[in-house]
Amino acid sequence: MKVITLSLRTQQPILATSFAGDPNSDVSYSYIPGSMIRGAVIGRYMKQHSLSELNLAKDEVKRLFFDGNSTCYLNAYLQSKEGKRTLPIPRSWFKEKNTELTDESPLRVYDFSLDKGDELETPKPFGEGFWTKERGMITHYKENRRINIHNHRDRKKGRSRQGEGEIFRYEAIDSEQTFQAVILCSSETDAQVIRNLLAKSPDIWLGGSQSAGYGHTQIHISNIIDAADWNEVNIPVDDDDRTDRKFLTATLLSDLILRDDWGQYAIIPPSTKHEIPAPLTRELKKILGGEIQPIRCFSSSTIVGGFNRKWGLPLPTVTALAAGSVFVFKLENSLTSEQIQVIETKGIGERKTEGFGRVTINWLNQEDFILKVPDPISDTSVPKLETDSSHNLAAQMAERLLHKKLDEALQKYLGRNSIKGDIRNSQLSRLEFVARQALTTGDCNLVVSLLQVSSQFDNAKIGGNNQSLKQQLETWLSHPNSWSWMSNQQELRVNVASVERSIIDEFAQNSKLAEKYTLRLIMALAKKAKKEDIDDL
């Protein structure tokens, strides 16, 4: 097979309508579906040959546009800063419930498809998005979106009439983003035909509402390469780690459409509880030629539709297994690189020519890792602040952003820790009250004095800390500028138009920011402990 790689740079928002949102809104997918790319190529093919409609009986037409075994138009996912095609986040990735990924705070993520350890107290699925590996680090990407409000109007008069002024909104993929798509062709001749069609003009229109300022995209086309030199997950199929495992892990790189034994669309996940094998189990057995036993799965479902411009009508909606779903099976026979090659190259299920049914086998091998956001792009075009008023405004913005990040850090700490031990609610209420007084007067010694009164502060602890509650609070209050309660010990810094604010600069020292947040933390811990005690009752 031959491979064509496309980079798509959005010049206008793109509306690739999904089935999310309410009836008065259209919400776009987070990627550009392969069906849209195929539709654009069909449009250019018809224009080149001066056709009003396609001849579906023609072999070339069937190979190029409707045969999933000959040509596949894969979804265009976000392109990384290193020019790689990102892939959907696996649904087997879990994180601690109250932790969030931010620019300053990378996040530790656990892959439960490999090992469901006990490191997480309250595990939660990581969520949506895309990822890739850059410079040895796992990087998370998220598309930018734009929300536009529209009103329904009469097409002839160009304005709304009575009964036709309904308000609706579009939530579209924003402009100035780069996506990468892949087209797989069974022969170099077909690949050259498609490449020539795409090379006719760098400007292409995708998605809906193109006459209303949506869909303009610029394309950059790579040279045609052999499939042997390309791999969707950038790991060779003959890698020993992929073939020597006792388990088979199937990860969906796109939505998967399957039918059950009665011909109905089915989203039944593989399970040993069902006497009849799930459709995915059945399809894998056909390729592997041996028995496989489902062990666990991390899956979700979605509704798939589309729009046929020839008919001017929406396509029938079907249910599908969502991209990122992960299924783990126990193997009875050994896995070969040829079997992996067949599954990953040809795909599984229906509508493969539109990018559905992309599956990878034994892809991931890290039980836990650090996930980060992309490094910011340095912008040297930021204008200098020439007046005192503009400088003061930037300083205020930076200070507010710093306060927001500190609030987020405080919430993360509260999510992971609480006061435990033999301490009464009356003492917790007293601690909260005195901390509030200290916050008003700026005198932290009020809290220190309270800690000397009752031995209950010696009997309690915060989380798994070896220090008593009294010792921990005294440490925080005596050295608030150390910010020792923060999980991320890196410097917290905000930059607005070259005006910086951080937790260690002169601004923080003069405003006694550290003492303020230390007292707020003490108040929040006491309040949380009282609430947990009431809930236990």
Side-chain angles (χ1 to χ4, degrees), residues 1-11 14 16 31-77 79 83-87 178-207 215-234 236-237 253-254 306 308-310 341-347 350-358:
M1 297 190 72
K2 300 298 180 179
V3 179
I4 306 172
T5 303
L6 310 175
S7 291
L8 306 172
R9 181 71 175 176
T10 58
Q11 305 300 305
I14 292 182
Y31 56 89
I32 301 175
S35 58
M36 285 189 176
I37 301 170
R38 184 188 67 161
V41 177
I42 289 176
R44 291 196 173 185
Y45 181 88
M46 295 176 65
K47 184 177 181 180
Q48 183 185 57
H49 294 83
S50 302
L51 300 174
S52 59
E53 62 180 28
L54 290 175
N55 182 6
L56 302 182
K58 189 176 180 180
D59 289 339
E60 183 183 55
V61 172
K62 288 190 290 186
R63 287 197 322 271
L64 293 178
F65 307 122
F66 300 104
D67 186 0
N69 295 320
S70 298
T71 309
C72 295
Y73 297 82
L74 307 191
N75 298 332
Y77 296 136
Q79 180 174 290
K84 297 180 181 179
R85 177 174 177 257
T86 61
L87 293 170
T178 304
F179 294 77
Q180 189 175 120
V182 177
I183 302 175
L184 305 179
C185 303
S186 59
S187 67
E188 187 169 0
T189 302
D190 291 346
Q192 194 62 51
V193 170
I194 294 175
R195 192 184 190 283
N196 292 339
L197 289 171
L198 292 171
K200 284 185 174 295
S201 172
D203 297 305
I204 197 168
W205 273 259
L206 302 170
H216 183 200
T217 307
Q218 288 191 335
I219 58 175
H220 179 269
I221 312 163
S222 69
N223 294 325
I224 300 172
I225 62 173
D226 292 326
D229 301 324
W230 174 86
N231 187 277
E232 195 166 2
V233 294
N234 299 315
V237 295
L253 304 180
S254 66
N308 189 304
R309 292 190 180 276
K310 169 65 177 175
Q341 180 77 32
V342 170
I343 296 173
E344 295 188 346
T345 303
K346 294 186 176 181
E350 299 186 3
R351 295 172 63 175
K352 292 184 289 186
T353 187
E354 301 174 38
F356 290 91
R358 304 301 301 174

Heavy-atom donor-acceptor pair, [X] side chain to [Y] backbone, under 3.5 Å:
X: Asn75; Y: Pro33; answer: no
X: Thr178; Y: Arg9; answer: no
X: Arg358; Y: Leu253; answer: no
X: Arg38; Y: Phe65; answer: yes

Closest contact, heavy atoms only, [X] versus [Y]:
X: Ile225; Y: Asp229; answer: CD1-O, 4.4 Å
X: Lys352; Y: Asn69; answer: NZ-OD1, 3.6 Å
X: Asp203; Y: Arg44; answer: O-NH2, 2.6 Å
X: Ala40; Y: Ile204; answer: CB-CD1, 3.3 Å
X: Tyr31; Y: Ala76; answer: CB-O, 3.3 Å
X: Ile32; Y: Ile37; answer: CG2-CG1, 4.4 Å

Evaluate the side-chain proximity of [Y] to [X]: yes if any heavy-atom separation is below 4.5 Å, no if none is.
X: Val41; Y: Leu64; value: no
X: Val61; Y: Phe66; value: yes
X: Gln48; Y: Lys200; value: yes

Calculate, to the nearest 0.5 Å, the distance between atoms [atom1] and [atom2] belonging to [X] and [Y] respectively.
X: Cys72; Y: Arg351; atom1: SG; atom2: CZ; answer: 13.0 Å
X: Asn55; Y: Lys62; atom1: CG; atom2: NZ; answer: 9.5 Å
X: Phe179; Y: Leu206; atom1: CZ; atom2: CG; answer: 10.5 Å
X: Ser254; Y: Glu232; atom1: OG; atom2: CD; answer: 7.5 Å
X: Thr189; Y: Arg63; atom1: OG1; atom2: CZ; answer: 8.0 Å
X: Leu197; Y: Met46; atom1: CG; atom2: CE; answer: 12.5 Å

Between side-chain atoms of residues 180-188 and protein atoms elsewhere (two or more places apart, or another chain), which donor-acceptor pairs fall under 3.5 Å?
from   : atom 1 : to     : atom 2 : distance (Å)
Gln180 : NE2    : Gln79  : OE1    : 3.0
Gln180 : NE2    : Gly83  : O      : 2.9
Ser187 : OG     : Asp190 : N      : 3.3
Ser187 : OG     : Asp190 : OD2    : 3.4

Worked check of side chain to side chain contact (heavy atoms under 4.5 Å, CB included) between Ile14 and Leu8 | CA-CA 11 Å; Ile14 292 182; Leu8 306 172; over 6 Å; no
Would you sort out whether Leu74 and Arg85 count as a side chain to side chain contact (heavy atoms under 4.5 Å, CB included), showing the intermediate values?
-> CA-CA 11 Å; Leu74 307 191; Arg85 177 174 177 257; 3.8 Å; yes
Heavy-atom neighbours of Lys346 NZ exceed 12 at 6.0 Å | no
Please work out whether the ring planes of His216 and Trp205 are parallel, tilted or perpendicular, with thresholds of 30° and 60°.
-> parallel
